[in-house]
Protein chains: 2
Amino acid sequence: MPQPISRTASDRAHDAVLRHIEESLRSGDLKLGDRLPGERALADQFGISRASVRDAIRALEVMGVVKSSTGSGPNAGTIVVSDPSAALGSALRLHVASQRLPVRDIVEARVMMETWSLAHAAEASWEPGQLDEARRLLDAMDDGGLPSPAFTALDAQFHVALSALAGNAVVSTMMDSLREAIRTYVDDAVAHRGAWADIVGTLREQHRGILEAVEARDGERASRLVREHIEWFYARTL
Amino acid sequence: MPQPISRTASDRAHDAVLRHIEESLRSGDLKLGDRLPGERALADQFGISRASVRDAIRALEVMGVVKSSTGSGPNAGTIVVSDPSAALGSALRLHVASQRLPVRDIVEARVMMETWSLAHAAEASWEPGQLDEARRLLDAMDDGGLPSPAFTALDAQFHVALSALAGNAVVSTMMDSLREAIRTYVDDAVAHRGAWADIVGTLREQHRGILEAVEARDGERASRLVREHIEWFYARTL
DNA sequence: CGTCGGTCTGTGGTCTGACCATACAGTCCG
DNA sequence: CGGACTGTATGGTCAGACCACAGACCGACG
């Protein structure tokens, strides 16, 4: 472990911690699931106060890089996680709230990514077993008593599972974050518009059609269907 | 101004501040450029400590929603900004460092967004004057004495300016953040590979060609050229 | 002997109060 | 009139303390 005691090249106190952790991630000293030293220990090592250490860790937590838990034992403390979707989604949600990013553009970007993913999934190499989860999710969505937020949660997982076939983690992550950014917005709209019973049946049919197209490795059809699926839903709901 | 004193529905102390500010952004009570109350005032209003207020503001700062400055006067304090590109870029950079997101996928996602943008820019409506900035950037990049990081910075602005023609703020933002996520990585690679003098000439030619295609509203050609441009550069550099 | 309970310990979460560096606003003095 | 000085409010940092929590440990009891 290197000597993180020097902070000569840093104005802000917490920057030293941030840069050291980023460097540790890059070098492999810190891997997914590893525990960070305690906040008091880090403060000691860097010669700064615990408040500044918390400042740095807070930033990492917002970016979805670490997760803090209270208590003791192996599951407690600050551990390295990897949740970029939630982090990007939260940030995007705030910028939608401040009207910097229009909901319309979010939906359009999602269509771009979903169509791209399915078009590439048709040409990529993957085991047929990778579709098992997608099928399982569709079956779960057949439950008639499912409340709409639960349905849309499964729906999101279905889309992520399909897009994962394209083999691009960045696209899958961003797609998921776009959905997360407007999730509460959409759920509220669904709750107030009613007519959910009418909508959900069509969604199920569309999902089956998309899955079939992917199974047949027909990228053109899968892209077209998923575009119609998304655009129809948002036109109907928002 | 509503009653932000109650925190009955919140476990974490800082969550109350976060939710209140998000709500204020959504309702329009807080707009771009507005100043937040001071940290001490907020702590008073919410009945929590200043440390917890700072926790919430820190989260907003990481997400690119606010910016804090010391001092006094109109330019000091915490003001509402809107810098989603930098925020998303930093988060993505960390996840690249932790090897959760491969650089290859970042580049591939960028190609997807750039080609999409230029294809849509050809069909969108925009004033010819909107290309003035793109031309100005190309002229600035003709400076032979430009260090490579300065060139790539202008390069990035050029791509953002072109993609803005498609009229989708989310795509432009994400495109920019992808570039930002691997900026230092690319700059380092350029510095160590040498051969910059050979590369930069080709880049200039490619840029001119892309701009011409956009001016001619030939979306298919612009997309193809930008794809070749990006893929050539990364194949050559990384 | 085995198990249940309390206790210990270490973690992050919060609070308090203080001091510092900064940047502007007003004032005072030359 | 103008420049230097002082005042003031801001975020940034620090120190020390206490709390809630969760697992580890260990003793007492069935």
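Below, read A as the first sequence line, B as the second, and so on, with proteins coming before strands; counting in each chain starts at 1. These numbers come from a predicted model, not from an experiment.
Computed from coordinates, the A/Lys67 NZ to C/dG12 P distance equals 13 Å when rounded to whole Å. For B/Arg35 and C/dA23, the CZ to P distance is 14 Å, given to the nearest whole Å. The distance between atom CG of B/Leu36 and atom C1' of D/dA9, rounded to the nearest whole Å, is 16 Å. Put simply, CG on A/Asp55 is 11 Å from C1' on D/dG11, counting in whole angstrom units. The nearest whole Å value for the distance from the CG atom in A/Asp44 to the C1' atom in C/dG10 is 15 Å. Spacing between atom CG of A/Leu60 and atom C1' of C/dG12 amounts to 15 Å, rounded to whole angstrom units. Rounded to a whole Å, the CD1 atom of B/Ile57 is 12 Å from the P atom of D/dT10. Rounded to an integer number of Å, the gap from A/Glu39 CD to C/dT11 P is 10 Å.
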Query raised in the report: How far apart are the C-alpha atoms of B/Arg12 and B/Asp55, what are their side-chain angles, what is the distance that settles it, and do they pass the salt bridge (Lys or Arg N to Asp or Glu O under 4.0 Å) test?
Result: CA-CA 11 Å; B/Arg12 315 277 191 200; B/Asp55 214 34; over 6 Å; no
Please tabulate, one pair per line, each protein N/O and nucleotide N/O from nucleotides 3-6 of chain C that are separated by under 3.5 Å, including the distance.
none

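Positionally, the nearest nucleotide of DNA chain C for A/Ser72 lies more toward the 5' end than for the other of A/Ser72 and A/Arg50.
Remark: B/Glu180 engages B/Arg183 in a salt bridge, criterion side-chain N to carboxylate O under 4.0 Å. A salt bridge between B/Glu23 and B/Arg19 is absent, with no side-chain N of the basic residue lying under 4.0 Å from a carboxylate O of the acidic one. A salt bridge between A/Arg136 and A/Asp139 is absent, with no side-chain N of the basic residue lying under 4.0 Å from a carboxylate O of the acidic one.
The CZ atom of B/Arg100 sits 8.0 Å away from atom CG of A/Asp83, with the distance rounded to the nearest 0.5 Å.
Using a 4.5 Å heavy-atom cutoff, the side chains of B/Ile21 and B/Val65 are not in contact. Using a 4.5 Å heavy-atom threshold, the side chains of B/Ser52 and B/Glu39 count as separate.
Between A/Phe151 and A/Trp196, the ring planes lie perpendicular to each other; the angle is over 60°, past the 30° to 60° tilted range.
Comparing D/dG12, D/dA24, C/dG12 by their nearest atom to the side chain of A/Pro74 picks out D/dA24. In this structure, the nucleotide among C/dG12, D/dC14, D/dG12 sitting nearest to the side chain of A/Thr70 is C/dG12. When distances are taken from the side chain of B/Arg54 to each of D/dT10, D/dG11, C/dC15, the shortest belongs to D/dG11. Taking every side-chain heavy atom of B/His14 into account, C/dT14 is the closest of C/dT11, C/dC19, C/dT14.
Within 6.0 Å of CZ on B/Arg135 lie more than 12 heavy atoms contributed by other residues, nucleotides or ligands. B/Arg104 CZ: 12 or fewer foreign heavy atoms inside a 6.0 Å radius.
Contact annotation for B/Gly71: base contact, defined as any heavy-atom pair under 4.0 Å involving a base atom.
Between the base of D/dG11 and the side chain of B/Arg40 there is a donor-acceptor pair shorter than 3.5 Å.
Proximity of residues 75-83 of chain A to DNA chain C (heavy atom under 4.0 angstrom from any strand atom) is restricted to A/Gly77, A/Thr78.
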